Amino acid sequence: MTRKSIRTTRQRTEVLAALAATEGFSSAQDLHAEIRKRQGGVGLTTVYRTLAALVKAGSVHVIRSESGESLFGHCSTAPSHHHHLRCRHCGRTVELSNDGFEEWVRSVGERYGFTDLTHECEVHGVCSRCASHTSTTGEGTTLGS
Ligand SMILES: [Zn+2]
Ligand SMILES: [Zn+2]
Ligand SMILES: [Zn+2]
C-alpha cells in the first residue's frame with residue numbers, strides 16, 4: 001500500500017464518521033465543520049473530493065436541496081434503488097422505494113421506445129412534526145411562487 005492510499009483511507013474514514021454523526025443529509029461544509037469538531041485534519045476540498053468518490057461508489061447518496069445545494073447522507077436501504085422525501089424545515093429525510101414510480105418510469109420508456117433509462121426524483125415538503133410547529137406562528141412561512 002502506498003502512502004497516498006493510506007491517507008485516502010483515513011480521509012474516507014473521517015468523512016464517513018462525520019456522516020454518521022450528523023442526522024439525515026448534510027452539506028459538505030457541515031461535514032467539514034463536524035470533522036474539525038472531531039479534530040480531524042481533512043480540508044474542505046478533500047471533503048468534496050472524498051464525498052464525490054463515495055457517491056460514485058454508491059455508499060453515499062447525494063440529493064439536492066430546493067436551493068440547489070448538494071447534500072450528502074447515508075441511506076439504510078442503499079445500495080438498492082430508492083428516492084428521497086425531504087423536509088425543507090428540519091431536513092428529515094425518508095427513503096422511498098417500491099411505490100409505483102419505477103413502474104411508471106418503465107412504462108413511459110416502453111411507450112416512447114426509450115431504453116437505458118435513468119431518472120432523478122426528489123420530493124420536498126414539510127414533515128408532520130414541523131407542520132405542527134409552524135402552524136401556530138405565521139412568521140417564516142412565506143408562500144412563494
Ligand atoms: Zn438514498
Ligand atoms: Zn421537518
Ligand atoms: Zn427510481
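Every value quoted in this text rests on a predicted model; they were computed, and no experiment measured them.
Every side chain to side chain contact (heavy atoms under 4.5 Å, CB included) that E95 has, sequence neighbours left out, goes to C75, S76, T77, H82, H84. Shown here are the ring pair (Phe, Tyr, Trp, His ring centres under 6.0 Å) partners of H119, two or more places apart in sequence or in another chain: H81, H83, F101.
Expressed to the nearest 0.5 Å, how far CD of E122 lies from OG1 of T93 amounts to 9.5 Å. Distance check, rounded to the nearest 0.5 Å: NE2 of H89 to CZ of R129 gives 13.0 Å. The line from OG of S65 to NE2 of H124 is 7.0 Å long, rounded to the nearest 0.5 Å. Rounding to the nearest 0.5 Å gives a distance of 10.0 Å between CZ of F25 and NE2 of H74.
Under the 4.0 Å criterion applied to side-chain N and carboxylate O atoms, R10 and E14 are assigned as salt-bridge partners. Remark: E34 engages R38 in a salt bridge, criterion side-chain N to carboxylate O under 4.0 Å.
Placement of V62 and L71 in two distinct hydrophobic clusters is found when ILVMFWY residues are connected by side-chain heavy-atom separations under 4.5 Å, directly or transitively. Hydrophobic clustering of Ile, Leu, Val, Met, Phe, Trp and Tyr side chains at less than 4.5 Å, counting indirect connections, unites L54 with V47. Both L51 and I35 belong to a common hydrophobic cluster when Ile, Leu, Val, Met, Phe, Trp and Tyr are linked at side-chain heavy-atom distances under 4.5 angstrom.
In this structure, C127 and C87 approach most closely via the heavy-atom pair N-SG, 3.4 Å. The nearest pair of heavy atoms linking F72 to L19 is O-CD2, 3.5 Å. When all heavy atoms are compared, the tightest approach of T13 to T9 is OG1-O, 2.7 Å. Considering every non-hydrogen atom in both V105 and L117, the closest pair reads O-CD1, 3.6 Å. When all heavy atoms of R12 and A53 are compared, the closest pair comes out as NH2-CB, 3.6 Å. When all heavy atoms of R64 and S70 are compared, the closest pair comes out as NH1-OG, 3.4 Å.
Side-chain contact check for T50 versus L16: every heavy-atom pair is 4.5 Å or farther apart.
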Side-chain donor-acceptor pairs under 3.5 Å in residues 26-33, sequence neighbours left out?
from: S26; atom 1: OG; to: T22; atom 2: OG1; distance (Å): 3.2
from: S27; atom 1: OG; to: D30; atom 2: N; distance (Å): 3.2
from: S27; atom 1: OG; to: D30; atom 2: OD2; distance (Å): 3.4
from: Q29; atom 1: OE1; to: Y48; atom 2: OH; distance (Å): 3.4
from: H32; atom 1: NE2; to: V42; atom 2: O; distance (Å): 3.1
from: H32; atom 1: NE2; to: L44; atom 2: N; distance (Å): 3.4

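Other residues, nucleotides and ligands contribute at most 12 non-hydrogen atoms within 6.0 Å of the CD atom of E120.
Judged purely by atom type and a 3.5 angstrom limit, T118 has no side-chain atom pairing as donor or acceptor with the backbone of D116.
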